[in-house]
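So the structure is just underneath, and the comments pick up after that.
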Amino acid sequence: MIISWNTTKACNLKCEHCYRDAGGKDPNELTTAEGKDLLLEIAKAGFKIAILSGGEPLLRKDIFELISYASSVGLRPVLGTNGVLFTPEIVRKLKTAGAARVGISLDSKDFRVHDDFRKQKGAWEKTVEAMRICRRENLDFQVHTTVTRRNYQEIIEITDFATSLGAKAHHIFFLVPTGRGKDISEVFIGAKEIQEVLEKVLNKQKETAIELKPVCAPQFIPMAKKMGIPLRFQRGCLAGTGYCCILPNGDVHPCPYLPLKVANVREEKFSSIWKNSEIFKKLRSLEYSGFCGFCVDKASCGGCRARAYYESSDFMAEDKECVFTSVKNNAR
């Protein structure tokens with residue numbers, strides 16, 4: 001099981017799509033002591049991988065201490081970062097603290113596309129240099145790419161570029177209208193383009209050694225099965241089943257892109273929230289409505305719960321951007 005903790009809302013970039021609307025620090029973010037209590041609870045709940053992200057997690061002065069503590073309680077700490085602040089010294093400190101891997105965001109081979117999306121001139125060069133530093137210092141890293149109309153036709157080229165830099169994985173994120181992402185609907189791709197990208201990514205997986213994983217496009221699981229492509233992943237959408245997110249102030253959400261408060265870790269122990277939450281129980285029931293409810297692949301796919309929530313305010317509704325749902329709706 002995997003969990004994301006947005007350790008801070010502070011960020012050195014102002015990315016167009018940021019689901020957390022990051023920038024300034026949240027004055028109510030969890031303290032170091034509260035963060036350690038949370039990490040211990042996460043381990044007690046059976047989670048194995050803890051993604052410490054933001055905002056930009058390197059803006060938390062105690063981030064190395066938190067990584068070290070996460071490792072000490074049996075978690076595999078991973079950092080989610082834009083990479084802009086990386087130096088050889090920081091990478092060595094991450095390794096010493098126990099970071100198992102870092103995920104670095106890169107949205108294009110073209111520096112102009114990346115810098116425009118991330119709203120900082122020179123961000124691309126610093127991000128790519130961060131990857132080079134990780135490779136020299138032997139810290140595993142993976143590349144995270146957000147798919148938009150500006151880059152969806154170059155996703156495989158970005159995979160090749162990531163591979164050449166030494167990345168261990170390339171995770172491809174499909175936009176969900178949340179946070180600042182709600183204001184950039186013109187760059188979203190539709191169901192047809194999502195299917196096109198997924199087919200390219202799945203076919204690419206047959207010929208590349210690094211792990212390719214689509215995110216927020218859970219139909220990639222049944223698609224891979226139909227294409228005869230073996231994957232180590234067993235389910236598409238993990239929201240509330242094998243994954244959830246903690247906000248800087250301790251609020252618990254089913255995933256970073258589903259703005260639905262389940263509880264707060266300052267008011268209830270996380271291990272209890274994970275076990276007893278009615279929202280999590282509902283998500284685990286697979287009792288979806290619409291096409292997702294009777295889809296033969298609902299157990300392996302699950303539909304994007306965040307996208308369903310955005311479309312209908314119902315986190316158990318059908319995912320209308322799934323190509324299979326779209327085909328069914330067009331036939332109605």
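The first residue of the sequence shown is numbered 1, and numbering continues consecutively from there.
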- prompt: Is any side-chain heavy atom of L247 less than 4.5 Å from a side-chain heavy atom of E29?
  reply: no
task: Please determine, by modelled atom types, if S105 and N82 share a side-chain donor-acceptor pair under 3.5 angstrom.
output: no
message: Within the supplied structure, the quantity of interest is the number of heavy atoms (other residues, nucleotides, ligands) at a distance under 6.0 Å from E267 CD; does it exceed 12?
response: yes
field: Spatial distance of atom CG (L202) from atom NZ (K200) [nearest 0.5 Å]
entry: 13.0 Å
query: Looking at L38, L39, I273, which hits side chain to side chain contact (heavy atoms under 4.5 Å, CB included) with I246?
result: L38
message: Counting only heavy atoms not in K275 (residues, nucleotides, ligands), do more than 12 fall under 6.0 Å from its NZ?
response: no
- request: Determine whether E154 and K109 make a side-chain contact, defined as any pair of heavy atoms from C-beta on separated by less than 4.5 Å.
  value: yes
K261 atom NZ, neighbour heavy-atom count above 12 within 6.0 Å: yes
message: Grouping I, L, V, M, F, W and Y whenever their side-chain heavy atoms are under 4.5 Å apart, do V187 and V113 come out in a common cluster?
response: no
Closest non-hydrogen atom pair between G35 and L30, with its separation: N-CB, 4.4 Å
- prompt: Does W5 have R20 sitting over its ring (NZ/CZ under 6.0 Å from centre, angle to axis within 45°)?
  reply: no
- request: Please check if any side-chain donor atom of T178 sits under 3.5 Å from a side-chain acceptor atom of Y309, or the reverse.
  value: no
- request: Determine the interplanar angle of the Y257 and Y19 rings, folded into 0 to 90°, and report it as parallel if under 30°, tilted if 30 to 60°, perpendicular if over 60°.
  value: perpendicular
- request: Identify whether I2 and L258 are in the same connected component of the hydrophobic contact network (ILVMFWY, side-chain heavy atoms under 4.5 Å).
  value: no
query: Do K192 and E196 sit within salt-bridge range, that is, some charged N less than 4.0 Å from a carboxylate O?
result: no
task: Kindly say whether L238 contributes a backbone atom to a donor-acceptor pair with the side chain of T241 at under 3.5 angstrom?
output: yes
field: Shared hydrophobic cluster, L52 / M1 (ILVMFWY, side-chain heavy atoms < 4.5 Å)
entry: yes
query: Are any of the side-chain heavy atoms of I67 and K93 separated by less than 4.5 Å?
result: no
- prompt: Between T7 and P248, is any pair of side-chain heavy atoms under 4.5 Å apart?
  reply: no
- prompt: Side chains of D251 and N264: is there a donor and an acceptor less than 3.5 Å apart?
  reply: yes
query: Is the shortest heavy-atom distance from the side chain of T146 to the side chain of C15 under 4.5 Å?
result: no
message: Let me confirm one number: the CG-NZ distance from L58 to K61, rounded to the nearest 0.5 Å.
response: 14.0 Å
message: For residues I172 and L175: do they belong to one hydrophobic cluster (side chain heavy atoms under 4.5 Å, members Ile, Leu, Val, Met, Phe, Trp, Tyr)?
response: no
field: side chain to side chain contact (heavy atoms under 4.5 Å, CB included) between V201 and K204, intermediate numbers included
entry: CA-CA 5 Å; V201 169; K204 183 66 174 179; 5.5 Å; no
message: Regarding T145 and H171, do their side chains bring together a donor and an acceptor under 3.5 Å, going by distance alone?
response: no
statement: In this structure, CZ of F294 is separated from SG of C292 (nearest 0.5 Å) by 9.0 Å
message: Do F117 and R150 make a side-chain contact, defined as non-hydrogen atoms from C-beta onward lying under 4.5 Å apart?
response: yes
- prompt: Are N203 and K206 linked by a side-chain donor-acceptor pair shorter than 3.5 Å?
  reply: yes
task: Heavy atoms only: give me the nearest L85-I90 pair and the separation to one decimal.
output: O-CD1, 3.2 Å
- prompt: Given T87 and V91, is the side chain to side chain contact (heavy atoms under 4.5 Å, CB included) satisfied, shown in steps?
  reply: CA-CA 6 Å; T87 64; V91 171; over 6 Å; no
query: Please walk me through it: do H17 and R118 pass side chain to side chain contact (heavy atoms under 4.5 Å, CB included)?
result: CA-CA 9 Å; H17 67 303; R118 300 285 165 174; 3.7 Å; yes
message: Check the orientation of F270 and F47. Use parallel for under 30°, tilted for 30 to 60°, and perpendicular for over 60°.
response: tilted
- request: Step through the shown structure and confirm whether more than 12 heavy atoms of other residues, nucleotides or ligands are within 6.0 Å of NZ on K281.
  value: yes
task: Could you tell me whether the side chains of E56 and T8 share a donor-acceptor contact shorter than 3.5 Å?
output: no
task: Starting at OG1 of T148, measure out to CZ of F188 and round the result to the nearest 0.5 Å.
output: 10.0 Å
field: Verdict with reasoning, L283 to M316, per side chain to side chain contact (heavy atoms under 4.5 Å, CB included)
entry: CA-CA 7 Å; L283 286 163; M316 297 299 286; 4.0 Å; yes
query: Closest heavy-atom contact between C11 and A22?
result: CB-CB, 3.9 Å
query: Are more than 12 heavy atoms from other residues, nucleotides or ligands located less than 6.0 Å from atom NZ of K14?
result: yes
message: Between D115 and R112, does any NZ, NE, NH1 or NH2 come within less than 4.0 Å of an OD or OE carboxylate oxygen?
response: no
- request: Give a yes or no on whether a salt bridge exists between K226 and D297, defined as a side-chain N under 4.0 angstrom from a carboxylate O.
  value: yes
- prompt: Is it true that E34 and R266 have a side-chain N and a carboxylate O under 4.0 angstrom from each other?
  reply: yes
query: For C301 and P218, which heavy atoms make the closest approach, and how far apart are they?
result: O-CB, 3.4 Å
- prompt: What is the minimum heavy-atom distance between P177 and Y310, and which atoms define it?
  reply: O-CD1, 3.2 Å
- prompt: Quick one: do I51 and L59 end up in the same hydrophobic cluster if we chain Ile, Leu, Val, Met, Phe, Trp and Tyr together by side-chain heavy atoms under 4.5 Å apart?
  reply: no
message: Please evaluate residues E193 and R149 with respect to the criterion salt bridge (Lys or Arg N to Asp or Glu O under 4.0 Å), reporting the C-alpha separation (whole Å), side-chain torsions for both, the decisive distance (0.1 Å), and the verdict.
response: CA-CA 9 Å; E193 291 85 2; R149 291 207 169 274; 3.8 Å; yes
Within 45° cone and under 6.0 Å: R305 NZ/CZ vs Y288 ring: yes
query: With side chains defined as the heavy atoms from C-beta onward, is the minimum distance between E125 and F111 less than 4.5 Å?
result: no
message: Minimum heavy-atom separation for R76 and A100, please, with both atom names.
response: CG-CB, 3.5 Å
- request: Quick one: do E287 and K282 satisfy salt bridge (Lys or Arg N to Asp or Glu O under 4.0 Å)? Show the steps, please.
  value: CA-CA 7 Å; E287 295 174 354; K282 185 69 172 176; 3.5 Å; yes
task: Can you run down the ring-ring contact (aromatic ring centres under 6.0 Å, His included) pairs that involve residues 67-105, sequence neighbours left out, and say none if there aren't any?
output: none
query: CD1 of I189 to CD of Q153: how many Å apart, nearest 0.5 Å?
result: 10.0 Å
- prompt: Are side-chain N/O atoms of N6 and S53 paired as donor and acceptor at under 3.5 Å?
  reply: yes
task: With E137 as reference, evaluate K95, R92, R132 under the salt bridge (charged side-chain N to carboxylate O under 4.0 Å, His left out) test and give the passing residue.
output: R92
query: Is the shortest heavy-atom distance from the side chain of L212 to the side chain of T159 under 4.5 Å?
result: yes
query: When you measure from the side chain of T127 to the backbone N and O of A123, does any donor-acceptor pair fall under 3.5 Å?
result: yes
- prompt: Is the Y152-F174 ring centre distance short of 6.0 angstrom?
  reply: no
- prompt: Nearest 0.5 Å, what's the CG-OG1 distance between L94 and T81?
  reply: 8.5 Å
message: Whether the side chain of R284 engages the backbone of G240 through a donor-acceptor N/O pair (distance < 3.5 Å, no angle test) should be reported.
response: yes
